[in-house]
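I have placed the structure first, in the form of structure tokens, so that the comments after it can refer back to it.
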Amino acid sequence: MATETAGQPQTTGPAATAPARTPEVRPMRADARRNYERLLTEARTAFTEHGTDTSLEDIARRAGVGIGTLYRHFPNRTALMGAVFQGEVDALLTHARELADAPQPCAALVEWLRAIITHATTYRGLSRALMTASADDSSGMARCSVPMREAGGALLTRAQQAGAVRPDVSISDLMQLTNGIALAVEESPDDPKLADRLLTLTLRGLKGDNR
């Protein structure tokens with residue numbers, strides 16, 4: 001229906017709603033891109049050497065920028081962590097795709113879980129952050145945890161369809177368990193075989209009664 005206001009026809013109803021425009025994402029200026037890359041490089045080094053709770057002010061100083069510049073690129077610590085670990089996550093997602101057609105679905109799942117533990121224990125504090133992020137999809141670490149759950153879910157479903165894993169096992173619980181193993185390994189650096197022992201116990205719990 002049409003009405004007139006000040007002599008101008010106006011349309012009301014659904015037709016009056018203009019389609020939403022997707023905001024344009026402007027590319028970074030060259031200097032901003034350099035700052036971004038330096039921050040990622042220094043954060044990766046600092047997280048490796050000192051853990052994920054290292055000082056953000058120190059990371060900014062090492063990158064040669066102010067703390068305000070760091071926060072403009074990464075509004076909080078988890079956002080910075082998510083950006084730093086994106087490369088490792090991409091590698092894990094690629095590995096999951098490579099295992100998608102493995103002849104032994106349960107072994108493929110366990111191999112991928114072992115790779116997650118190796119990744120998580122590279123940076124002290126990462127496993128704890130991933131455990132927290134798994135319950136909060138709005139977290140800055142969600143860019144890591146969400147696709148990981150999806151990739152792991154596909155491997156888990158295949159193992160369940162093959163009858164090698166109990167049907168009541170969920171990928172969320174399995175990812176939490178895996179991060180818990182990584183945390184235990186992080187806290188026991190003098191026990192290099194701990195991860196394999198705990199994964200063996202996990203595998204026994206995953207299998208059905210007839211396996």
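Here, residue 1 is the first one in the sequence, and each next residue gets the next number. All values derive from a computational prediction rather than experimental measurement.
Considering CD of Q160 and SG of C106, their distance stands at 10.0 Å, rounded to 0.5 Å. From N35, atom CG reaches atom CG of L40 across 11.0 Å, with rounding to the nearest 0.5 Å. Annotation: the span from L203 atom CG to L113 atom CG amounts to 9.5 Å, rounded to 0.5 Å. Taken from CD1 in I116 to CE in M148, the straight-line distance is 4.0 Å, to the nearest 0.5 Å. Distance check, rounded to the nearest 0.5 Å: CD1 of I117 to CD1 of I181 gives 4.5 Å.
Scored by the side chain to side chain contact (heavy atoms under 4.5 Å, CB included) test, T200 finds R204 as partners (sequence neighbours excluded). For A100, the side chain to side chain contact (heavy atoms under 4.5 Å, CB included) criterion is met by no residue, not counting sequence neighbours. The salt bridge (Lys or Arg N to Asp or Glu O under 4.0 Å) search around R34 returns none, not counting sequence neighbours. For the side chain to side chain donor-acceptor pair (under 3.5 Å) test, residues two or more places apart in sequence or in another chain that qualify with T69 are R72. Partners of D190 according to the salt bridge (Lys or Arg N to Asp or Glu O under 4.0 Å) rule, which considers only residues two or more places apart in sequence or in another chain, do not exist here. Under the side chain to side chain contact (heavy atoms under 4.5 Å, CB included) criterion, E187 pairs with R128, L183, not counting sequence neighbours. Applying the side chain to side chain donor-acceptor pair (under 3.5 Å) test to T157 and every residue at least two apart in sequence or in another chain returns nothing. E57 pairs by the side chain to side chain donor-acceptor pair (under 3.5 Å) definition with S55, not counting sequence neighbours.
Salt bridge absent: D53 and R77 never bring a charged side-chain N and a carboxylate O closer than 4.0 Å.
Looking only at side-chain heavy atoms (C-beta outward), T121 and L126 stay at 4.5 Å or farther from each other. By the 4.5 Å heavy-atom criterion applied to side chains, L109 and L174 are counted as neighbours. Side-chain atoms of D31 and Y36, non-hydrogen and from C-beta on, never get closer than 4.5 Å to each other. Side-chain atoms of L155 and P105, non-hydrogen and from C-beta on, never get closer than 4.5 Å to each other. Side-chain contact check for L56 versus Y71: some heavy-atom pair is nearer than 4.5 Å.
Between the side chain of T52 and the backbone N or O of F47, no donor-acceptor pair lies under 3.5 Å.
Residue pairs meeting the salt bridge (Lys or Arg N to Asp or Glu O under 4.0 Å) criterion with at least one member in residues 37-50, sequence neighbours excluded, are R33-E37, E42-R62, E49-R62. Listed by first and then second residue, the salt bridge (Lys or Arg N to Asp or Glu O under 4.0 Å) pairs involving residues 95-118 are R114-D196 (not counting sequence neighbours). Counting only residues at least two apart or in different chains, salt bridge (Lys or Arg N to Asp or Glu O under 4.0 Å) contacts with residues 167-186 comprise R166-D168.
Between L99 and W112, the shortest heavy-atom distance links the atoms CD1-CB, 3.9 Å. Here the closest non-hydrogen pair linking L39 and A63 is CD2-CB, 3.8 Å.
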Ignoring hydrogens and angles, write down the donor-acceptor pairs under 3.5 Å from the side chains of residues 79-91, residues two or more places apart or on other chains.
{"unit_1": "Q86", "atom_1": "OE1", "unit_2": "R143", "atom_2": "NE", "d": "3.1"}
{"unit_1": "Q86", "atom_1": "NE2", "unit_2": "D90", "atom_2": "OD1", "d": "3.0"}
{"unit_1": "E88", "atom_1": "OE2", "unit_2": "Y123", "atom_2": "OH", "d": "2.6"}

